[in-house]
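Following: one structure in structure tokens, then a few remarks.
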Amino acid sequence: MLDKEQTQTALMELFETLLSRYGALNWWPADTPFEVCVGAILTQNTNWGNVEKVIVNLKREGLLSVQALREIDEERLAELIRPSGFFNVKSARLKEFVVWILQRHGSLEAMFGGDWRLLREELCAVRGIGPETCDSILLYAGEKPSFVVDAYTRRLFSRLGLVRETDDYHRVRALFMDHLPAEVPLFNEYHALIVEQCKRHCRKKPSCEGCPLSHFCTLPAAGAP
DNA sequence: ATCCAGTAAT
DNA sequence: ATTACCGGAT
């Protein structure tokens, strides 16, 4: 078992290794904080490519604002977001989210104005916003230092031996929150690099050829002698 | 444990 | 034809 200082060092070394391989990714790919929020909900258990089609639709219809989504008919919204999958639940979730923003905070800017730790509790209680979506909104839309954990993070770091696959969201997040400086640019890039690493190499069916983390990994290495 | 659902890679 | 996908609610 690693002590606290060793864990801090290991996390930063992994970060530097990924950064030097993939470069700065400059997430989240969106024009506005609200577009980040919408994308975070739409991408739930869905390929990002599907979400991009939907963002195009919503932009074309002028729907990427809190007010516009508040006005639009739920069934019509469902049709526009169809390519992202789960379109009925996601349409309802988007509607509930904007209604909540308006009633509780009045605007997205006001929502991000207060203490982000309190906001995190509030947001997670909104229907359709679980812990990952919540942290994505806080980090990438609100620029708050809240680390985002997803299925990729759990898979990669369990293969690295730093968490177990069965650890819950809070436990995996605590690894990063407790061992990294609370810096938005660091959290931003780290999560983006984890996603990139898992798309390229650390897939469910591992593709270890040329993996930059092979000598940190607990899996039987693909190119091992 | 099951449901929600479309899209692209394999 | 099967797998995988930047999850969350019931």
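Letters A, B, ... mirror the listed sequences (proteins, then strands); counts begin at 1. Keep in mind that the numbers below use all heavy atoms, side chains included, and drop hydrogens, waters and symmetry copies.
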Quiz item: Starting at the 5' end of DNA chain C and moving along, which residue's nearest nucleotide shows up first, A/C124 or A/T46?
Solution: A/T46
Quiz item: Of A/I129 and A/N50, whose nearest nucleotide on DNA chain C comes first from the 5' end?
Solution: A/N50
Quiz item: Does A/R127 place a side-chain N or O at less than 4.0 Å from the phosphate oxygens OP1/OP2 of C/dT10?
Solution: yes
Quiz prompt | Side-chain N or O of A/N88 closer than 4.0 Å to phosphate OP1/OP2 of B/dA5 | solution = yes
Exercise. May I ask you to say whether A/R21 pairs ionically with A/E196, meaning some side-chain N is under 4.0 Å from a carboxylate O?
Key: no
Exercise. Please state the C1' separation for the pair C/dA4 and B/dA5 - nearest whole angstrom.
Key: 14 Å
Side chain of [X] only, heavy atoms from C-beta on: which candidate in [options] is closest?
X: A/K204; options: C/dA4, C/dG7, B/dG6; answer: C/dA4
X: A/Q44; options: B/dA5, B/dA8, C/dG7; answer: C/dG7
X: A/P83; options: B/dT7, B/dA5, C/dA9; answer: B/dT7
X: A/R155; options: B/dC4, C/dC5, C/dG8; answer: C/dC5

What contact category does [X] fall into here, base, sugar-phosphate, or nothing, at under 4.0 angstrom with non-hydrogen atoms?
X: A/V36; answer: nothing
X: A/G130; answer: sugar-phosphate
X: A/G128; answer: sugar-phosphate
X: A/K53; answer: sugar-phosphate
X: A/R154; answer: nothing

Can you measure [X] atom [atom1] to [N] atom [atom2] for me and round it to whole angstrom units?
X: A/L123; N: C/dG7; atom1: CG; atom2: P; result: 18 Å
X: A/K205; N: C/dT2; atom1: NZ; atom2: C1'; result: 13 Å
X: A/R203; N: B/dA8; atom1: CZ; atom2: P; result: 16 Å
X: A/K199; N: B/dT10; atom1: NZ; atom2: P; result: 12 Å
X: A/I41; N: C/dA9; atom1: CD1; atom2: P; result: 10 Å
X: A/L42; N: B/dC4; atom1: CG; atom2: P; result: 19 Å

Quiz item: So A/H191 and A/W27, would you call those rings parallel, tilted or perpendicular, with 30° and 60° as cut-offs?
Solution: perpendicular
Practice problem: Please state whether the rings of A/Y22 and A/H201 are parallel, tilted or perpendicular, taking 30° and 60° as the class boundaries. | Solution: tilted
Self-check item: Centroid separation A/F176 to A/F157 less than 6.0 Å
Solution: yes
Self-check item: Pi-cation contact, A/F147 with A/R173 (under 6.0 Å, within 45°)
Solution: no
